[in-house]
Amino acid sequence: MKRIVVLALKVVGGVLAAVLVLMIVMGALLNTDAFQNKVLRRATQMLSEKLNTEVKIDSVSIGFFSNDVRLRGVSIEDLEHRKMLQMEQLTVRMEMFALLRKEVNITSAHIAGLSAELYKPDDGPANYQFLIDAFKKDKQPEEKPAEKKSKLSLSVKDVLLERISVKYNESSAQLKRLKYEERLGGARHARLEGLDAQWVAHLKRGPQDCKAGIGVLELQEKDRKGQAAIGNLYFWSDNHLPRKNKGKPKRGAFDNGHMDMKANLKLSFTIPDNDRIVAKMERCEVNDDVAGIHVKDLTLGVTATKEKLAMENIVVKLENTTVNIAHADLQLPSKKRGVKLAYKTSLITGQTLLKDISKPFAPVLSKFSLPIKFSTYMSGDDYEMKFDSILVGTLDDKLHVEAVGRLKELKDKYKLDVRFHVSKMHAKGDVKARIINQFPVKKFMMKQVDALGNISCVADIIVLWKHEQFQGVLHTAVGKLDFSFGINENTKYLNGTVRSPGIDIGRAFDLDDFGPVSCKADFTFDISKPRTAVMRRKKGGKLPMGSVKAHVDEASFKKVKFRNIQADIVSDGAVADGKLNVMGKRTDILCSFSFTNTESLRKMKIKPGIRFHGLSEAEKKAKEERKQQRKNEKEARKQQRAEEKARKAEAKAAKKAAKKAQREAEKALKEKEKARKAAEKAAAAK
């Protein structure tokens, strides 16, 4: 028995020794330049024949004992003999014996100097399509179901990519360096440096060059928890058109055709399961110096799935602005599931100095340092945005606005429809002057503004393409106004109508001789800054520029009341000329006035007058019409009386005939009763 065991051991030992010797010989052969060059020539020849194009590999090195394969100087041409793929070096180190267990365990991989030139014409296949077609497996019909094959498992512990460049049609991307490694304890670490991409976006206004990139991205993950930090994240665009605010100093600098956004951010994340990720944005800074956008910090928590994002504790900070949103839901669009983009927030609260948004959106707010508080609910989709329970006001609540609103047709600015309903607004005390003083413009009519006292308003605001419309009711200390007016941004004119059951214009404009006025007025004012600036410089006027046509139901001047007055007023900014006419049948009371208000002069001139006249043709015609109408009415009344008299006579005759018939019927009945009684009496006598 012992001899058999010893013999068996010798046999096994001899076999192992032979295998070891064979492996050493094979390893030595594989590591010789002659063998590897022969393999290289054969491999490139086979690839060239299979792909029907030229494939080149400068050198190959196969390390049998080091378990690595190195390729240098790889290049592949497309079918048009253009360099499609070039690579300076590819090194892969893997566990060879793991392949027997259908495991691909790559301990390290290094790719350096990879350059790809890919094209996809509109009317033909891509230049890399032949690669996909060449390595497609031909599907053979099977007589019986094939057994399910076990899949190869793949693991990568260390990857290094350097100097990667890919071009696809008009787009390209470059990567300076990417290092990924698995560390002790199961931790994973990745560091990306210098990722840049360029492409052309074809928009309605024309092609727009775009660039985006990441300076540094560092990612760490262990046990489904990790952190990520991104530095020098940027987006740049240029549509090769003048910036929207060029030559328009009153327009904001933000232009989505000219963007230069830079950001730095840091976040942490947890992956509870394969369908959900929970992340927290710990820091985010965004800047566009040209447009004037400066987000000092953005923090939030988010739970993301394939269907939606649930965000919480959102805080946005600008230089003097803070916005807080406790919770927001974002439904992600999906054609497959048939759902559209939709979002909804909890109450949004915040406080701001409007000068924070002056440079990108409204330069006129550059000095607006009055603190404003606000709150609202927001919801919508890719078509419409809604705002509910809007509250805006000053910290002392002297200005208080309550409103609701919505924006429709968000995808087409020419169809954009913005509507807000202000259900409550009040401005108390000096807040009106404080707000006006926030604007860096010359102040006009400040006394008139102060004379309005406390004001309140209910209004509707409509904004369409280059048209704004406002209508509502304004209550002031000098009276009530119903207003409806619009601003045409194309022509730069303000047009509208106001009505008042009684407004004290004497108190409003500091004109002691005038009392309350009940009127309706149509007005047009020039709001073009260039046009009005010329007149201001020329005449130094402090009045509005425009015209007013009014009908005054009742007014008083020097305690004398007038009714039914037509008024026409025209102002060039320095002098307002007006005509007041009280029209009578034979007499017109006339009054013309001129009110001058400039830097050096404030004066009122009034010239009364009277005019006698006969009836005009229109008045004569109206008089004849009234006379004919009275005649027709008289004839109609006469006809009506005759018809009423005939109807009464007919009714009387019918009533008389009915009474006569009734009497004759009663008489006949009595005669019949008398005859019956006589017959009964005669019968009794017999």
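If you're wondering where the values come from, they're calculated on a predicted model, not measured in any experiment. Heavy-atom basis, side chains included; hydrogens, waters and symmetry copies ignored.
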For [Y], does its backbone N or O pair with a side-chain atom of [X] as donor and acceptor, under 3.5 Å?
X	Y	answer
N264	N232	yes
R243	A253	yes
D255	K244	yes
T394	L399	yes
K359	D289	yes
K120	G124	yes
D238	H258	no
D288	D260	yes
N127	E117	yes
K432	G453	yes

Is [X] salt-bridged to [Y], going by a charged N under 4.0 Å from an acidic O?
X	Y	result
K211	D209	no
K398	D430	yes
D417	R419	yes

Donor on one side chain, acceptor on other, [X] and [Y], under 3.5 Å:
X	Y	result
S528	D526	no
E285	H294	no
Q86	S115	no
Q227	E218	no
T352	T321	yes

Pick one: which of N320, V364, L365 meets side-chain contact (heavy atoms from CB on, under 4.5 Å) with L354? L365
Heavy atoms, side chains only, cut-off 4.5 Å: are I348 and V323 in contact? yes
Please tell me if the side chains of E88 and R163 come closer than 4.5 Å, counting only heavy atoms from C-beta onward. yes
Specify the closest pair of heavy atoms between [X] and [Y], including all atoms of both residues, with the distance to one decimal.
X	Y	answer
K408	L416	O-CD1, 3.3 Å
L370	Q438	N-OE1, 3.1 Å
L395	P371	CD1-CB, 3.7 Å

Parallel, tilted or perpendicular: ring planes of F439 versus F368, cut at 30 and 60 degrees: perpendicular
Classify the ring geometry between W465 and Y414 as parallel (under 30°), tilted (30 to 60°) or perpendicular (over 60°). perpendicular
